[in-house]
Amino acid sequence: MTLSKNKIKYIHSLELKKNRKADHVFLAEGPKLVGDLLGHFPCRYLAGTAEWFSSAPSIQADEAEQITEEELARASLLKTPQQVLAVFGWEDECANPNILSHSLCLALDGVQDPGNLGTIVRLADWFGIEHIFCSPDTVDIYNPKAIQATMGGIARVRLHYTSLSQLINSLDKNVPVYGTFLDGENMYMKPLPANGLIVMGNEGKGISNEISALINHRLYIPNYPAGRDTSESLNVAIATAIVCSEFRRQASFR
């Protein structure tokens with residue numbers, strides 16, 4: 001079967017947020033990622049090489065076709081195409097803020113890089129964090145680069161785009177809200193609970209002033225040794241990994 005020019009044009013159009021949003025779809029590429037997402041999201045379209053189909057599990061897709069490696073190369077958004085690509089559907093999800101009374105969740109305040117966002121989703125999946133609340137100006141999780149960076153974590157982690165100020169203001173006063181700051185308390189010296197909200201900020205500006213004012217626990221990731229000249233800050237995905245790791249480390253010893 002020959003991959004049509006219109007189909008290739010449509011696949012390429014999914015680089016743009018307005019097109020993904022119009023059809024409520026996103027693009028995923030590669031055997032591992034596509035395999036992880038099949039069964040978690042409705043598959044609208046799938047195209048794979050003969051090699052991929054020869055080892056593929058049973059496929060439930062609205063449309064599936066076998067294509068050549070040359071056709072895949074023309075359709076793929078990757079520099080090195082990987083046997084299969086798929087277009088999946090998605091639905092808007094609303095999360096009940098009450099989950100924060102018994103679960104640990106992340107909030108992202110203006111994260112802009114799709115690679116960082118996807119990596120944070122992957123980290124959340126690793127540390128058993130099932131919900132991430134994103135400010136409206138956080139990059140779209142369905143950006144193809146973000147989806148690729150999740151490494152399948154998007155199948156198990158749900159993202160909710162919402163006003164973070166409204167979310168935090170709606171929480172019970174007993175729900176802790178954490179953020180990382182240079183003037184915060186050494187996080188390794190502070191008892192950390194198994195529930196609450198961890199806010200991570202923009203790559204360049206950090207957490208916005210509006211959200212900073214609502215955070216009731218300010219944490220600091222200390223450098224080593226103390227007082228040594230060092231980089232001004234950490235990459236937001238790396239900082240998220242360090243903070244989540246310490247929360248889960250303390251939880252494991254309770």
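In this chain, numbering begins with 1 at the start of the sequence shown.
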Exercise. So, is the end of the Arg218 side chain (NZ or CZ) under 6.0 Å from the ring centre of Phe181 and within 45° of the ring's axis?
Worked result: yes

For this session: For Arg74, check salt bridge (Lys or Arg N to Asp or Glu O under 4.0 Å) against everything at least two apart and list the hits.
Result: none

Exercise. Which pairs with one or both residues in residues 159-170 pass side-chain hydrogen bond (donor to acceptor under 3.5 Å, both in side chains), sequence neighbours excluded?
Worked result: His131-His160, Ser163-Ser165, Ser165-Glu210

For this session: Step by step, work out the side chain to side chain contact (heavy atoms under 4.5 Å, CB included) result for Asp113 and Val139.
Result: CA-CA 7 Å; Asp113 183 81; Val139 65; over 6 Å; no

Seminar exercise, completed: Closest non-hydrogen contact found for Ala237 with Leu123 is O-CD1, 3.2 Å

Problem set entry | Ring centre gap for Phe247 and Phe127 strictly below 6.0 Å | no

Problem set entry | Exercise: identify the closest heavy-atom pair between Tyr188 and Ile242 | OH-CG2, 3.5 Å

For this session: Measure the shortest side-chain to side-chain distance between Glu71 and Glu65 over non-hydrogen atoms and say whether it is less than 4.5 angstrom.
Result: no

Exercise. Closest approach of Gly115 and Thr119, non-hydrogen atoms and distance?
Worked result: O-OG1, 2.8 Å

Would you be so kind as to tabulate the donor-acceptor pairs closer than 3.5 Å made by side chains of residues 142-155, with sequence neighbours excluded?
| residue | atom | partner | partner atom | Å |
| --- | --- | --- | --- | --- |
| Asn143 | OD1 | Lys145 | N | 2.8 |
| Gln148 | OE1 | Glu29 | N | 2.8 |
| Gln148 | NE2 | Glu29 | O | 3.2 |
| Thr150 | OG1 | Ile147 | O | 2.7 |
| Thr150 | OG1 | Gly152 | N | 3.4 |

For this session: Indicate the atoms forming the closest heavy-atom contact of Ala239 with Met200, along with that distance.
Result: CB-CE, 3.7 Å

Problem set entry | Modelled atom types, side-chain donor and acceptor of Asp137 and Ser135, under 3.5 Å | yes

For this session: Could you check Val199 against Phe133 for side chain to side chain contact (heavy atoms under 4.5 Å, CB included), going step by step and ending with a plain yes or no?
Result: CA-CA 9 Å; Val199 181; Phe133 296 90; over 6 Å; no

Exercise. Is it true that atom CZ of Arg20 has more than 12 heavy atoms of other residues, nucleotides or ligands lying nearer than 6.0 Å?
Worked result: yes

Problem set entry | CA sep, side-chain torsions, deciding dist, call: Phe26, Phe41, ring-ring contact (aromatic ring centres under 6.0 Å, His included) | CA-CA 10 Å; Phe26 66 91; Phe41 295 92; 5.2 Å; yes

For this session: Write down the atom of Leu164, the atom of Cys134, and the distance for their closest heavy-atom approach.
Result: CD2-C, 4.1 Å

Exercise. Of the non-hydrogen atoms in Cys105 and Leu100, which two are nearest, and what is the gap between them?
Worked result: CB-CD2, 3.5 Å

Problem set entry | Path from Ile99 to Leu108 over hydrophobic side-chain contacts below 4.5 Å | no

Exercise. Quick one: CG on Leu78 to CG on Leu72, what's the gap to the nearest 0.5 Å?
Worked result: 8.5 Å

Exercise. Do Asp92 and His24 pass the side chain to side chain contact (heavy atoms under 4.5 Å, CB included) test, and can you show the C-alpha distance, the side-chain angles, and the key distance before you say yes or no?
Worked result: CA-CA 9 Å; Asp92 290 315; His24 274 224; 3.6 Å; yes

